[in-house]
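For reference, the structure discussed in these notes is given below.
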Amino acid sequence: MTKHIFVTGGVTSSLGKGLTASSLGRLLKCRGLRVTIQKLDPYINVDPGTMNPFEHGEVFVTDDGGETDLDLGHYERFIDENLSRDSNATTGSIYQAVLAAERRGVFLGRTVQVIPHITDEIKRRITRLATDEVDVVITEVGGTVGDIEILPFLEAIRQFRKDVGRENVCYVHVTLVPYLGPSGEQKTKPTQHSVTELRSRGIQPDAIVCRSDGPIPESLKLKISNLCDVPLRGVVNAVDARHLYEIPLVLHDEGLDDEVCRILGLAGEADLSAWEALVARVDTSERPVRIGVIGKYVSLPDAYLSVAEALHHAGYDHGARVRIEWIQAEDVEGLLAEQRLRDLDAIVIPGGFGERGIEGKVTAAGYARDHDLPCLGLCLGMQVMTIEFARNVVGLVGANSSEFDHTSAHKVIDLMDTQRDVVEFGGTMRLGVYPARLTPGSVVARAYGRELVYERHRHRYEFNPRYRSRLEGAGLVCSGVSPDDRLVEFVELAGHPFWVGTQAHPEFKSRPDRPSPLFRELVGAALQRAEGRRPRLLDLDDIAAPPVVPARG
Ligand code: GLN
């Protein structure tokens with residue numbers, strides 16, 4: 001029988017429920033259990049694919065082309081499993097399924113209602129992940145207890161325990177224990193209120209994960225235990241960790257996985273050695289390196305969450321601490337580029353949509369090409385690198401993508417015929433994993449150590465094959481193409497330390513202990529630049545010894 005853990009949140013949003021679920025998933029995997037995770041999101045969009053990154057942060061793409069919540073990225077990075085679109089369900093997608101069934105006559109003669117039809121569909125989404133290959137399904141319920149939209153989800157997970165048996169379900173509630181400066185105290189009242197709210201929906205938590213910025217004393221845990229009717233060992237303090245990957249260790253020290261396994265009747269000990277080794281590597285990664293991310297949504301770094309994580313993973317591999325400089329693309333237009341980019345060790349031009357900031361990204365790509373600055377272009381990033389090369393090396397005046405300039409005489413990036421007639425916005429891009437054949441000996445083939453690679457995609461526009469031979473003739477290396485040779489998936493330059501663009505989003509497949517090869521090579525090139533250029537300030541042998549002053553006698 002598959003076991004189920006439901007993670008809810010109270011008090012405030014952005015408490016790190018996703019990281020708690022991910023960390024718990026990792027701890028269970030360390031006990032040899034087979035784990036999968038999903039997120040139920042209470043909003044009405046069918047998926048986050050049509051949402052503005054400012055609203056929702058990054059859209060995480062799964063292998064099968066699901067456009068999902070960014071928490072799925074944390075799940076994949078922590079439990080090291082590739083998830084699918086089934087691991088993210090929204091209110092919108094649930095209603096869509098119920099309404100489609102209603103139109104097919106599935107409920108003929110009956111009134112379709114939130115209970116039982118919507119709740120049944122929610123339960124079906126939970127159950128479908130509980131296959132024979134899975135020991136534990138962790139389901140994170142998005143939103144905060146007390147929200148209007150969350151009610152059908154709480155009702156569904158309440159019923160679920162009755163359906164599958166008490167011994168197969170565990171409820172974990174994540175709350176905040178704030179510190180109030182003026183009174184110098186940590187406060188449990190918000191936790192009490194949010195547990196009361198949860199209980200009013202019929203759910204008694206088995207464990208409470210209390211987020212706090214400083215450690216919570218035993219006396220406060222006891223108070224929470226008494227007032228919320230949770231055994232003391234189920235009151236777990238998730239004190240702010242130094243970095244994400246430390247969270248599983250914090251939760252383990254607090255006994256969360258022991259308690260959850262006790263409730264679910266799961267035996268075994270956690271072997272944390274591999275994760276501890278990762279955390280030790282993170283802690284000792286100290287070689288400084290500065291990498292600029294030239295983006296459109298930089299005021300909300302969550303919009304580039306997987307890019308940032310992939311850069312950090314690459315850093316750990318090199319023992320380097322990557323400092324990310326978030327650079328607004330408009331700030332590097334024209335003459336401003338030199339000033340903004342010259343002190344960086346590398347740049348990343350990430351994915352994006354729409355015209356704003358494009359010229360700044362083109363300038364940055366050109367600056368990197370001219371100044372041997374390592375540069376990695378991701379999806380839109382590769383497109384602007386191609387535009388830059390077409391304009392400034394090949395001399396195609398006004399070269400552009402038809403996404404930004406319909407009237408351009410040289411649409412070096414354009415829609416493919418299959419995309420031209422698409423009128424819907426949701427789920428209509430080239431989505432999910434696609435293979436690419438890499439040119440033997442190229443920078444990308446050496447980085448991957450393979451000639452056939454699979455990366456995830458999310459875009460409408462493509463490198464225009466009509467320009468391929470002209471650009472190649474001028475020195476652009478199309479170093480990765482689709483197996484049928486129709487689509488250019490990777491471009492690079494010979495003789496540059498690292499100037500590589502990919503139509504894919506390799507950041508989605510990066511893992512803390514297995515960085516994406518292109519990010520690893522970018523950071524390697526960045527380190528060479530950083531260490532070649534910087535004086536060895538910290539090398540004490542280089543500092544002349546001070547003259548010896550004879551002691552006065
Ligand atoms: N806007 C571009 C396209 O649709 C790039 C998309 C992206 O970077 N994900 O092709």
Side-chain angles (χ1 to χ4, degrees), residues 47-54 56-63 65-68 70 72-73 293-298 300 302-308 310 329 347-362 364-365 375-388 390 399-406 408 411-434 436 455-465 467 480 482 486-491 500-510 516 518-519:
D47 62 41
T50 54
M51 276 192 238
N52 187 327
F54 284 126
H56 194 260
E58 160 186 284
V59 173
F60 186 81
V61 181
T62 52
D63 271 355
E67 296 177 277
T68 70
L70 53 72
L72 269 80
V293 175
I294 321 289
K296 174 178 174 183
Y297 319 107
V298 290
L300 182 76
D302 263 3
Y304 302 110
L305 184 59
S306 294
V307 173
I347 59 170
V348 174
I349 309 178
F353 295 83
E355 197 189 343
R356 184 168 67 78
I358 291 301
E359 290 308 316
K361 292 179 188 178
V362 171
C375 171
L376 174 61
L378 307 167
C379 202
L380 177 69
M382 168 189 138
Q383 298 176 354
V384 298
M385 288 165 87
T386 305
I387 292 167
E388 191 282 325
N400 215 325
S401 162
S402 52
E403 181 180 2
F404 317 125
D405 182 2
H406 258 313
S408 165
K411 296 177 183 120
V412 292
I413 306 293
D414 202 358
L415 286 176
M416 298 299 272
D417 291 338
T418 46
Q419 284 284 11
R420 259 179 240 288
D421 303 324
V422 174
V423 285
E424 276 190 28
F425 274 99
T428 53
M429 287 184 263
R430 175 146 81 102
L431 287 166
V433 145
Y434 283 84
E455 293 288 9
R456 300 180 191 172
H457 288 247
R458 179 173 184 252
H459 54 101
R460 275 198 183 82
Y461 295 80
E462 303 280 355
F463 186 108
N464 185 343
Y467 283 89
S482 57
R486 284 179 52 239
L487 303 170
V488 174
E489 306 279 40
F490 292 82
V491 299
V500 173
T502 170
Q503 191 55 78
H505 286 281
E507 67 272 24
F508 293 137
K509 285 177 67 170
S510 183
S516 162
L518 294 188
F519 283 82

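Counting starts at 1 for both ligands and their atoms, following the listed order.
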- Can Asp63 and Arg456 be said to form a side-chain contact (heavy atoms from CB on, under 4.5 Å), step by step? CA-CA 6 Å; Asp63 271 355; Arg456 300 180 191 172; 2.7 Å; yes
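Contact shell of ligand 1 (protein heavy atoms, cutoff 4.0 Å): Gly351, Gly352, Phe353, Cys379, Leu380, Gln383, Glu403, Arg458, His459, Arg460, Tyr461, His505.
Between Phe490 and Leu518 the shortest side-chain heavy-atom distance falls below 4.5 Å.
Here Ala329 pairs with Ile294, Lys361 under the side chain to side chain contact (heavy atoms under 4.5 Å, CB included) rule; sequence neighbours left out.
The pair Glu403-Arg460 does not count as a salt bridge, with every side-chain nitrogen at least 4.0 angstrom from each carboxylate oxygen.
Side-chain atoms of Thr502 and Glu455 form no donor-acceptor pair, as typed in the model, at a separation below 3.5 Å.
Ring pair Tyr434/His457 is perpendicular by interplanar angle, where above 60° counts as perpendicular and below 30° as parallel.
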